[in-house]
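Note sheet for the following structure.
Just so you know, these numbers come straight off a predicted model, no measurement behind them.
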Amino acid sequence: MNAKNHKSCYGTMFHELLHFQENEPMQGKVFAFELDRSGLARSNRRITANIAEWDDCIECEEFDHCYKFCMAKLLLQNAVENE
């Protein structure tokens, strides 16, 4: 079975969760997060969404597949992180 050619942004709505830098925004195509740490304690957590990019995504013919793929990646990353 051959892989289908997807757009370069396919599967990138969210930043990958297993590798990130604290105190820096971690940007996916649509959603971003930042985990701030000062000293030993995490002081702030922020999540943002780029609505223009979201609008671009929902107009895409691959949106349903891409969204499902993004969610599957998040679930797997969460399972690995919590092991």
Side-chain angles (χ1 to χ4, degrees):
M1 177 187 254
N2 293 335
K4 180 180 177 180
N5 290 328
H6 298 284
K7 292 173 69 173
S8 62
C9 57
Y10 189 86
T12 64
M13 288 183 198
F14 305 98
H15 187 279
E16 194 243 320
L17 295 178
L18 296 177
H19 303 98
F20 61 88
Q21 298 292 321
E22 291 182 329
N23 304 320
E24 290 184 28
M26 298 290 108
Q27 181 69 51
K29 182 178 189 295
V30 176
F31 301 100
F33 67 91
E34 186 169 348
L35 305 175
D36 292 335
R37 183 181 296 271
S38 60
L40 298 176
R42 187 168 285 145
S43 59
N44 197 9
R45 301 172 188 189
R46 277 188 297 284
I47 297 172
T48 59
N50 183 324
I51 299 303
E53 289 293 348
W54 177 253
D55 289 342
D56 182 60
C57 286
I58 61 175
E59 293 296 321
C60 179
E61 64 186 28
E62 292 190 296
F63 174 76
D64 287 336
H65 316 153
C66 181
Y67 182 77
K68 289 174 186 175
F69 183 68
C70 290
M71 295 306 294
K73 283 176 36 179
L74 282 177
L75 285 170
L76 180 57
Q77 290 171 26
N78 187 49
V80 168
E81 182 178 49
N82 290 311
E83 254 320 288

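For Asp56, the side-chain hydrogen bond (donor to acceptor under 3.5 Å, both in side chains) partners at least two apart in sequence or on another chain are Lys29. Under the side chain to side chain contact (heavy atoms under 4.5 Å, CB included) criterion, Glu24 pairs with Gln21, Met26, sequence neighbours left out. Taking Asp64 as the reference, nothing meets the side chain to side chain contact (heavy atoms under 4.5 Å, CB included) condition, with sequence neighbours excluded. Applying the side-chain hydrogen bond (donor to acceptor under 3.5 Å, both in side chains) test to Glu62 and every residue at least two apart in sequence or in another chain returns His6. Applying the side-chain hydrogen bond (donor to acceptor under 3.5 Å, both in side chains) rule to His15 yields no partners; only residues at least two apart in sequence or on another chain are considered. Scored by the side chain to side chain contact (heavy atoms under 4.5 Å, CB included) test, Ala72 finds no partners at all (sequence neighbours excluded). Not counting sequence neighbours, the partners of Cys66 by the side chain to side chain contact (heavy atoms under 4.5 Å, CB included) test are Tyr10, Met13, Cys70.
Between Glu53 and Phe31, the closest side-chain pair of non-hydrogen atoms is not below 4.5 Å.
With rounding to the nearest 0.5 angstrom, the NZ atom of Lys68 is 10.5 Å from the CZ atom of Phe63. Between atom CD of residue Glu34 and atom CG of residue Asn23 there is a gap of 6.5 Å, rounded to the nearest 0.5 Å.
In this structure, Tyr67 places its OH atom where only 12 or fewer heavy-atom neighbours from other residues, nucleotides or ligands lie under 6.0 Å away.
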Report all side-chain donor-acceptor pairs from residues 73-82 shorter than 3.5 Å, counting only partners two or more places apart or in another chain.
residue	atom	partner	partner atom	Å
Lys73	NZ	Gly11	O	2.6
Gln77	OE1	Leu17	N	2.6
Asn78	OD1	Asn82	ND2	2.8
Asn82	ND2	Asn78	O	2.9

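Clustering ILVMFWY residues whenever any of their side-chain heavy atoms sit less than 4.5 angstrom apart, transitively, puts Ile51 in a cluster other than the one holding Ile58.
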